[in-house]
Amino acid sequence: MTDEQDKTPAEPLRVGVLGARGRMGIEVCKAVDAADDLELAASIDQGDSRSAVSAAEVVVDFTTPDVVMDNLRWCIDQGISAVVGTTGFTEQRLEQVRGWLADKPGVGVVIAPNFGIGAVLMMQFAARAARHFESVEIIEQHHPRKLDAPSGTATHTARQIARARAEAGLGPVPDATKDEVSGARGADIDGVRVHAVRATGLVAHQEVLFGTTGETLTIRHDSYDRASFMPGVLLAVRAVRNRPGLTVGLDALLD
Ligand SMILES: NC(=O)c1ccc[n+]([C@@H]2O[C@H](COP(=O)([O-])OP(=O)(O)OC[C@H]3O[C@@H](n4cnc5c(N)ncnc54)[C@H](O)[C@@H]3O)[C@@H](O)[C@H]2O)c1
Ligand SMILES: O=C(O)C1=N[C@H](C(=O)O)CCC1
């Protein structure tokens, strides 16, 4: 047998998709199907039995914040690594996932508020800019069928900005508002105002507006199509089994 004949192709990685009939789930199934090194082992949605997913080596979850924790617990119990795009992860939820993973040292979980590479860079740029500007507000814009507000991306960005401001010794963002129609100044996430816009025609967009004396800086990212999230999802699918424990965000995978 020649060296060439001896090269047996690697078995494709078996991927299961939860939320497979949703907007993101449909896109993930297409992307997995199209990748030579991945196999769509199971795709299930609400009402389907999760047992079909037991054959998967990696599960991708794009469901809803109210069911994602139960799905994750199940995956970890089964010893299946997971890539999660579903939103709603508070620090308390992340801690709970770390606790479950502590009992399963071989299992990896990647949870990312946004799998768009441009969105990840936008969040990094915003965190970097934060220490140089006394003012900052976030405006996120999404399609009107989105269930949660503000978005996971905006919440994550606000927390990163707040951390950078605290490290730089910046005080509260200046704001003299005394008389406010409820909600007019947006949500307060760790001291950063976040405004959520919903409109038909939008997919997922975010602006971070910084201000200081005599200048402003706007950092903006736009996803016009859910295909924009797929390179990040597949990157995480391929990497997650080599990253035991919990990875939050795509930053570490991009580096
Ligand atoms: N991280 C990212 O890059 C990113 C990108 C887009 C959307 N999201 C998030 O992903 C989630 C899904 O977004 P979407 O636009 O696809 O929503 P969607 O409503 O179109 O899809 C959710 C799907 O999950 C299904 N589902 C509900 N309960 C289930 C269960 N127990 N088991 C299996 N399936 C179940 C629903 O029937 C639905 O088909 C949201 O939280 C959204 O914010 C994240
Ligand atoms: O369409 C959605 O829903 C999106 N959700 C994520 C968020 O809440 O940040 C990512 C962008 C798209």
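Both counts, for ligands and for their atoms, begin at 1 and track the order of listing. Computed from a prediction, not measured in an experiment: that's the story for all the values here. The residues of the chain are indexed from 1 along the displayed sequence. Computed over heavy atoms, backbone and side chain alike; hydrogens, waters and symmetry mates excluded.
When each atom of ligand 2 is checked for a heavy atom of T153 under 4.0 Å away, the hits are 7 (C), 9 (O), 10 (C). Listed by atom number, the atoms of ligand 2 under 4.0 Å from T87 heavy atoms are 6 (C), 7 (C), 8 (O). Residue contact check: A204 has heavy atoms under 4.0 Å from atoms 11 (C), 12 (C) of ligand 2. Under a 4.0 Å criterion applied to the non-hydrogen atoms of N114, ligand 1 contributes the atoms 1 (N), 2 (C), 3 (O). Under a 4.0 Å criterion applied to the non-hydrogen atoms of P113, ligand 2 contributes the atoms 6 (C), 7 (C), 9 (O), 10 (C).
Closest to atom 3 (O) of ligand 2 among all protein heavy atoms lies K146 NZ, 2.9 Å. Given atom 34 (N) of ligand 1, the protein heavy atom at minimum distance is Q46 N, 3.2 Å. Protein heavy atom in closest approach to atom 1 (O) of ligand 2: H143 NE2, 2.8 Å. The shortest contact between atom 11 (C) of ligand 1 and any protein heavy atom is with T63 O, 3.3 Å. Nearest protein neighbour of atom 7 (C) of ligand 2, counting heavy atoms only, is G152 N, 3.4 Å. Atom 41 (O) of ligand 1 has as its closest protein heavy atom T87 OG1, 2.8 Å. In terms of protein heavy-atom proximity, atom 10 (O) of ligand 1 is closest to F62 CD2, 3.3 Å. Protein heavy atom at the shortest distance from atom 26 (N) of ligand 1 is D45 OD1, 3.8 Å.
In V67, the part holding a heavy atom less than 4.0 Å from any atom of ligand 1 is the side chain. The proximity of S151 to ligand 2, defined as any non-hydrogen pair under 4.0 Å, involves the side chain as well as the backbone. At a heavy-atom cutoff of 4.0 Å, ligand 2 is contacted by the side chain of H142 but not by its backbone. For R23, no heavy-atom contact with ligand 2 is shorter than 4.0 Å. Of the heavy atoms in F115, both backbone and side-chain atoms come closer than 4.0 Å to ligand 1. Contacts of A204 with ligand 1, taken as heavy-atom pairs under 4.0 Å, are absent altogether. With a heavy-atom cut-off of 4.0 Å, A119 does not touch ligand 2 at all.
In the hydrophobic cluster analysis, where Ile, Leu, Val, Met, Phe, Trp and Tyr join through side-chain heavy atoms closer than 4.5 angstrom, V240 is grouped apart from V59. Both I161 and F133 belong to a single network of hydrophobic side chains, linked directly or stepwise wherever heavy atoms of I, L, V, M, F, W or Y lie under 4.5 Å apart. When hydrophobic clusters are built by joining Ile, Leu, Val, Met, Phe, Trp and Tyr residues whose side-chain heavy atoms come closer than 4.5 Å, directly or via intermediates, V53 is not grouped with V67.
Among the atoms of H143, none of the N or O lies under 3.5 angstrom from an N or O of ligand 1. Close N/O approach between K146 and ligand 1 is found [any backbone or side-chain N/O within under 3.5 Å]. An N or O contact shorter than 3.5 Å links R23 to ligand 1 by distance. Close N/O approach between G85 and ligand 1 is found [any backbone or side-chain N/O within under 3.5 Å]. Considering backbone and side-chain atoms alike, F229 places every N or O at 3.5 Å or more from each N or O of ligand 1. Taking distance alone, with nitrogen or oxygen atoms compared against 3.5 Å, N71 stays at or beyond that limit from ligand 1.
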* Candidate pair V97 and M69, rule side chain to side chain contact (heavy atoms under 4.5 Å, CB included), full reasoning -> CA-CA 8 Å; V97 175; M69 288 300 276; 4.0 Å; yes

* Please test L38 against V58 for side chain to side chain contact (heavy atoms under 4.5 Å, CB included), starting from the C-alpha separation and ending with a verdict. => CA-CA 10 Å; L38 307 176; V58 174; over 6 Å; no

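Rounding to the nearest 0.5 Å gives a distance of 5.0 Å between CZ of F89 and CG of L72. Here the straight-line distance linking atom CG of L246 with atom CD1 of I111 works out to 5.0 Å at 0.5 Å rounding. In this structure, L94 CG and R98 CZ are separated by 5.5 Å, a value rounded to the nearest 0.5 Å. For the atom pair CG of L40 and NZ of K30, the computed distance is 13.0 Å after rounding to the nearest 0.5 Å.
Between R220 and E207 there is a salt bridge, with a side-chain nitrogen of the basic residue lying less than 4.0 Å from a carboxylate oxygen of the acidic one. R193 and E137 are not joined by a salt bridge, as no carboxylate oxygen comes within less than 4.0 angstrom of a charged side-chain nitrogen.
In this structure, R131 and A168 approach most closely via the heavy-atom pair CB-CB, 3.6 Å.
For the pairing with E140, the side-chain hydrogen bond (donor to acceptor under 3.5 Å, both in side chains) check across K146, R198, H205 returns one residue only, R198. Partner V15 forms a side chain to side chain contact (heavy atoms under 4.5 Å, CB included) with one of D33, V32, V28 and no other, that one being V32.
If you check each of R21, M24, R50, H142 against atom 6 (C) of ligand 1, the one with the closest non-hydrogen atom is M24. In this comparison of G22, G19, A119, G116, the heavy atom closest to atom 21 (O) of ligand 1 sits on G22. Among G152, S223, P113, G249, the residue whose heavy atom lies closest to atom 2 (C) of ligand 1 is P113.
Distances from ligand 2 to the non-hydrogen atoms of Q206 include no value under 4.0 Å.
The salt bridge (charged side-chain N to carboxylate O under 4.0 Å, His left out) contacts involving residues 157-180 comprise D175-R185, where partners must be two or more places apart or lie in separate chains.
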